[in-house]
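Just below is one structure, and these are the notes that go with it.
Every value quoted in this text rests on a predicted model; they were computed, and no experiment measured them. Remember, it's 1-based here, ligands and their atoms both numbered in the order they're listed.
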Amino acid sequence: MITIREIKQMQATSEKYRSEGKKIGFVPTMGFLHEGHLSLIRQMRPLCDILVVSIFVNPTQFAPSEDLEQYPRDFERDEKLCRNENVDIIFYPDSGQMYPAPYATYVHVENLTDTLCGASRPGHFRGVTTIVTKLFHIVKPHLAIFGEKDFQQAVVLKKMVVDLNFDVKIMTGPIIREEDGLAMSSRNKYLTANQRRQATIIYQSLQKAQEMVKAGERNSEVIRKYIIDNINRIPETKIDYVAVVNETTLKPVVQIDHHSVIALAVYIGSTRLIDNVRLNTIR
Ligand code: AMP
């Protein structure tokens with residue numbers, strides 16, 4: 001395994017492998033790797049010849065008020081974890097190289113980015129689509145994989161790839177959870193022990209909602225209200241949004257069907273956590 005820090009070197013390396021007919025698989029991350037990231041790496045490993053993982057805490061997807069500075073980082077640990085998974089290349093650039101001043105060019109996907117997390121984090125998806133575009137131009141992957149934990153992100157990136165004719169196949173991997181159901185996230189590290197216990201309400205509520213749908217409930221407002229009331233009972237929680245949406249358009253649905261997803265964002269103290277579940281209405 002090698003670590004590449006220079007954009008030009010990454011491009012030249014990928015170009016060389018491409019010219020040899022090698023298939024490049026790519027897992028973009030912000031580092032501080034956990035089982036969620038590792039599951040994506042494990043899914044990609046058998047599908048490609050050269051597996052590239054990027055580690056870059058992307059400043060353009062954080063608002064000035066957000067946790068860019070605090071965001072956890074531990075490159076040495078990440079390096080060991082990647083080595084254990086047989087990663088071939090870690091691409092680990094610095095911000096100055098990725099966004100040399102005066103930086104001026106951004107990628108924006110319309111409509112899909114105005115809702116859900118996009119509504120409460122203006123500019124966030126512009127940062128995501130910009131960095132992923134840049135990384136695709138640098139790493140030149142044939143295949144890239146993203147986690148369903150960031151459900152809206154995956155929908156937005158799939159749209160971007162189609163609209164801008166990127167020759168990259170986008171895959172997604174399922175949400176990896178802690179034993180008590182909390183979706184794994186680098187941000188879980190911010191939670192106090194007490195908040196960590198409270199955070200289990202998120203997936204518990206989503207699971208209960210899934211059961212309600214399985215039992216025949218199709219009214220999205222009933223489901224939303226159940227989740228909101230349930231989460232609001234827990235002292236340190238503050239709901240950002242709870243939405244039942246179509247998996248492709250991200251538009252709210254009234255009548256739940258097989259293409260519906262419940263997505264939510266909840267603050268536990270000052271930590272914002274996201275989660276989602278698909279709804280199975282086929283019996
Ligand atoms: P991040 O480092 O948070 O930007 O995440 C990098 C990639 O890992 C993204 O595609 C995320 O969706 C994915 N990811 C993060 N947490 C999880 C999880 N718990 N399960 C599956 N994928 C995840």
Below 30° counts as parallel, above 60° as perpendicular, anything between as tilted: where do the rings of Phe26 and Phe136 land? perpendicular
Aromatic plane relationship, His37 with His34 - under 30° parallel, 30 to 60° tilted, over 60° perpendicular: tilted
Residues, nucleotides or ligands: over 12 heavy atoms within 6.0 Å of Glu20 CD: yes
Do Tyr17 and His142 have their ring centres less than 6.0 Å from each other? no
Gap between atom CD of Glu211 and atom OH of Tyr226 - 0.5 Å precision: 8.5 Å
Below 4.0 Å from any atom of ligand 1, which residues have a heavy atom? Give them in chain and number order, please. Pro28, Thr29, Met30, His34, Gly36, His37, Leu40, Tyr71, Phe146, Gly147, Lys149, Asp150, Gln153, Pro174, Ile175, Ile176, Met184
Walk me through it: do Arg73 and Asp78 pass the test salt bridge (Lys or Arg N to Asp or Glu O under 4.0 Å)? CA-CA 9 Å; Arg73 293 160 169 90; Asp78 290 347; over 6 Å; no
